[in-house]
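In what follows, chains are A, B, ... by sequence order, proteins preceding strands, each numbered from 1.
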There are 2 protein chains.
Amino acid sequence: MTKCSHDRKNIDIDSLNERVRKAGMKLTQQRSQLLKILLHHPEPISADEIFKKIDDKSDGMDLVTIYRILKKFEEGGLVSRLEFGDGVARFELTLESGHHHHHVICRHCQRVEPLHICDLDQHIKMVEAMGYKQVAHRLDFFGVCSRCQ
Amino acid sequence: MTKCSHDRKNIDIDSLNERVRKAGMKLTQQRSQLLKILLHHPEPISADEIFKKIDDKSDGMDLVTIYRILKKFEEGGLVSRLEFGDGVARFELTLESGHHHHHVICRHCQRVEPLHICDLDQHIKMVEAMGYKQVAHRLDFFGVCSRCQ
DNA sequence: CTAAATGCAAATCTTTTGCACAACC
DNA sequence: GGTTGTGCAAAAGATTTGCATTTAG
């Protein structure tokens with residue numbers, strides 16, 4: 001039902017690296033390392049989680065650097081910042097060409113699953129009718145997943 | 001178009017106080033003061049904004065107390081916690097009996113406007129079909145409001 | 001009276017900033 | 001070579017916790 005893993009396979013490190021350069025950023029060892037982690041992580045991941053993943057491999061990269069790269073990548077449109085309400089920002093690769101999805105978050109285990117439907121045209125039209133331009137939206141579902149019930 | 005101010009008038013301090021007691025909490029001076037502020041504030045408001053409102057009147061209540069009350073109120077279902085992505089949690093009174101609304105946030109001035117339509121039945125059914133129980137959702141729109149364009 | 005709530009101080013957690021050094025193009 | 005990025009230390013901002021004192025019921 002979800003196309004997540006399928007989509008993910010269509011992104012490779014090379015095209016990501018190219019997107020870094022296209023955005024006018026230098027491609028450092030740290031940045032490609034971070035891209036690899038994002039690419040292979042199935043769910044939105046926080047700066048600290050990334051840091052711990054790297055730390056385990058005694059292959060240092062500073063937490064500060066992670067924050068800075070994530071901010072740069074967000075500005076460059078490579079990653080999207082998500083907040084699910086627990087005070088920690090999580091990040092995921094922005095898929096190409098307007099691919100757009102939402103999230104289902106388990107209230108119990110915090111696991112995140114993507115939801116690949118989005119039919120909010122009438123909502124968006126209404127917001128535009130209220131006078132807003134450049135309307136974007138965020139839609140998340142919270143529930144208790146089958147494993148946690 | 002929005003029913004916000006209308007709905008708000010239908011809530012009075014007395015019924016709020018009653019909800020505090022029903023939730024098994026003591027009704028302190030600080031709590032009813034906080035309720036009044038929430039009642040008369042048209043948009044979701046942060047703990048610090050509440051603190052400053054009170055501070056202006058030289059009528060002290062500790063910031064810590066505000067955080068503690070808001071957490072209690074959230075547990076008791078009196079207020080809803082919202083996060084719009086700037087790292088600050090904002091709160092609003094939970095309107096009674098399933099009244100449900102969303103938000104339109106101006107990317108420029110951060111002003112929040114309520115949106116009183118919600119027609120996501122098919123989305124919710126889909127999430128339930130994925131195995132989730134107790135499905136709730138959050139939908140926010142971001143745009144540039146007419147004043148800021 | 002007694003459990004619950006508050007105030008104050010200090011801690012914690014996430015994220016940001018300053019500055020010297022290193023790396024990419 | 002010069003701009004851009006990184007590491008380290010320290011700061012900043014939001015939120016939480018410990019503990020003694022106060023207050024609602």
Need to verify one output field. Residue with the more 5' nearest nucleotide on DNA chain C, B:Thr65 or A:Arg90?
B:Thr65
B:Arg138 (side chain) donor-acceptor with A:Phe141 (main chain) under 3.5 angstrom
no
Could you say whether B:Leu27 or A:Val64 is positioned toward the 5' end of DNA chain D, judged by the nucleotide with the nearest heavy atom to each?
A:Val64
Figure out the [atom1]/[atom2] separation between [X] and [N], and round it to whole Å.
X	N	atom1	atom2	result
B:Gln30	C:dC8	CD	P	11 Å
A:Glu83	D:dA14	CD	P	13 Å
B:Gln33	C:dG7	CD	C1'	14 Å
A:Leu70	C:dT16	CG	P	10 Å
B:Arg31	D:dG25	CZ	C1'	13 Å
B:Ile66	D:dT16	CD1	C1'	15 Å
A:Ile69	C:dT17	CD1	C1'	17 Å
A:Leu82	C:dT14	CG	C1'	17 Å

Could you please name the option among [options] that lies closest to any side-chain atom of [X]?
X	options	result
B:Arg68	D:dT16, C:dG7, C:dT17	C:dG7
B:Met25	C:dA5, C:dT15, D:dA14	C:dA5
B:Thr28	C:dT6, C:dA3, C:dG7	C:dT6

Can you find a donor-acceptor pair, distance only, under 3.5 Å between A:Lys26 side chain and D:dT3 base?
yes
Indicate, yes or no, whether a donor-acceptor pair under 3.5 Å links the base of C:dA5 to the side chain of B:Lys72.
no
What's the verdict on side chain to side chain donor-acceptor pair (under 3.5 Å) for B:His108 and A:Gln134, showing C-alpha distance, side-chain angles and the deciding distance?
CA-CA 11 Å; B:His108 189 255; A:Gln134 300 170 45; over 6 Å; no
I want to check one thing: is the phosphate of [N], taken as OP1 and OP2, less than 4.0 Å away from some side-chain N or O of [X]?
X	N	value
A:Arg21	C:dC24	no
B:Lys71	D:dT16	yes
A:Tyr67	C:dT15	yes

Are the charged groups of [X] and [Y] less than 4.0 angstrom apart, N to O?
X	Y	result
B:Glu75	B:Lys71	no
B:Lys22	B:Glu18	yes
B:Lys125	B:Asp121	no

Checking all strands, does A:Leu63 fall into the base, sugar-phosphate, or nothing category for heavy-atom contacts under 4.0 angstrom?
base
Would you work out how much the helix from C:dC1-D:dG25 to C:dC25-D:dG1 bends between its ends, with each end axis defined by five base pairs, to 10 degrees?
40°
Are a donor atom and an acceptor atom from the side chains of B:Tyr132 and A:Glu113 found within less than 3.5 Å of each other?
yes
Regarding A:His123 and A:Glu128, is there a side-chain donor-to-acceptor distance under 3.5 Å anywhere?
no
With a 6.0 Å cut-off on ring centres, are B:His137 and B:His102 close enough?
yes
